Amino acid sequence: MSIPIPTVKRLPSYLRILTQRKELGEDHISATLLAEELGLKPIQVRKDISLTGIEGKPKVGFEIDKLIKCIIHVLGWDNTTDALIVGAGHLGSALARYDGFSAYGLRIVAIFDKDQEKIGKKIGDLLVRPMEDLNSYIAENRISIAVITVPALQAQAVSDLLVKCGIRGIWNFAPKDLKVPCNVVLQRTDLATSFAVLSVKLGRKIQDEDELLDDFDMI
């Protein structure tokens, strides 16, 4: 059964809460508690979890261990996937050093750049490789996922090259909307959009608090 993308986006949040509760020694959790933790409605949580094939028990809830394993499997995080990074700048270097990807079944195995001053230098456990080696590395190591962290002006050309080399999934961190063939999966992480949402939400929160204080002063 195909799980809707909105549900997929919520599953990592469920997993985070479940892991926290497990660490506290709990073995069951209710849909109501999960909903309260994440600001959702219990009926939405029950619907999402039902799509994973797990059923809860009345007045008991869901078995935490079982649900954790099921969500990890549904997300494909129980099978380690190798990926490479193109762009050894500040962001690419930070991602290369980040060891938290392993929890999601993702392993960064190589990083590439065209800058001769960066090539051969070590970032974490990885050596920066030249772009000339990209095609052969992807073929020899059967890499299917690439992370793009290059400047916007270079992003489309890098994407085209990755597709030509056989990459089937691109995680784009460049501030650029990329065009890829229909057989390639593209996911963009837009830092500007995320900050814009944060900024607007904060502004509304402050405005609501100011209005509440004004109403209180009028009493």
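Values below: every heavy atom of this structure, side chains too, minus hydrogens, waters and symmetry copies. No experiment lies behind these values; they were computed from the predicted model shown.
Counting heavy atoms from C-beta outward, L202 and S199 have side chains that stay 4.5 Å or more apart. Using a 4.5 Å heavy-atom cutoff, the side chains of I49 and I71 are not in contact. Residues K22 and L18 form no side-chain contact, since every pair of their non-hydrogen atoms from C-beta on lies 4.5 Å or further apart.
In the hydrophobic clustering of this structure, I145 does not group with F173; members are Ile, Leu, Val, Met, Phe, Trp, Tyr whose side-chain heavy atoms approach within less than 4.5 Å, directly or through other members. Under the 4.5 Å side-chain heavy-atom criterion for Ile, Leu, Val, Met, Phe, Trp and Tyr, V147 and F112 are members of distinct hydrophobic clusters. Taken together through direct or relayed side-chain contacts under 4.5 Å among Ile, Leu, Val, Met, Phe, Trp and Tyr, L106 and V86 form parts of separate hydrophobic clusters.
Here CZ of R21 is found 8.5 Å from CG of L34. Values are rounded to the nearest 0.5 Å. Taken from CD1 in I143 to CD1 in I167, the straight-line distance is 7.0 Å, to the nearest 0.5 Å. Put simply, CZ on F62 and CD1 on I68 are 13.5 Å apart, with the number rounded to the nearest 0.5 Å.
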List the steps, then state whether side-chain contact (heavy atoms from CB on, under 4.5 Å) holds for L178 with I148. CA-CA 11 Å; L178 303 178; I148 295 180; 3.9 Å; yes
Determine whether T52 and Y14 satisfy the following criterion, side-chain contact (heavy atoms from CB on, under 4.5 Å), listing intermediate values before the conclusion. CA-CA 12 Å; T52 70; Y14 296 150; over 6 Å; no
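Panel note: side chain S50, backbone K47; a donor-acceptor pair is recorded below 3.5 Å. Judged purely by atom type and a 3.5 angstrom limit, R168 uses its side chain to pair as donor or acceptor with the backbone of N183. Using modelled atom types, one side-chain atom of T19 and one backbone atom of L15 make a donor-acceptor pair closer than 3.5 Å. No side-chain donor-acceptor contact under 3.5 Å links S159 to the backbone of A155. The backbone N or O of D27 lies less than 3.5 Å from no partner atom in the side chain of E63, so there is not a single donor-acceptor pair. Counting only distance, with no hydrogens or angles, the side chain of S194 and the backbone of D190 share a donor-acceptor pair below 3.5 Å. Without hydrogens or angle criteria, D113 side chain to D115 main chain gives a donor-acceptor distance under 3.5 Å.
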For residues 118-140, dump all side-chain donor-acceptor pairs below 3.5 Å to protein atoms at least two apart in sequence or in another chain.
residue	atom	partner	partner atom	Å
K121	NZ	E117	O	3.3
S136	OG	D133	O	3.1
Y137	OH	V109	O	3.4

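A pairwise comparison of heavy atoms in T149 and G92 identifies OG1-CA, 3.4 Å as the closest pair. The two residues S93 and G89 come nearest to each other via the heavy atoms OG-O, 2.7 Å.
The number of heavy-atom neighbours closer than 6.0 Å to CD of E26, taken from other residues, nucleotides and ligands shown, is above 12. More than 12 heavy-atom neighbours from other residues, nucleotides or ligands sit within 6.0 angstrom of CZ on F101.
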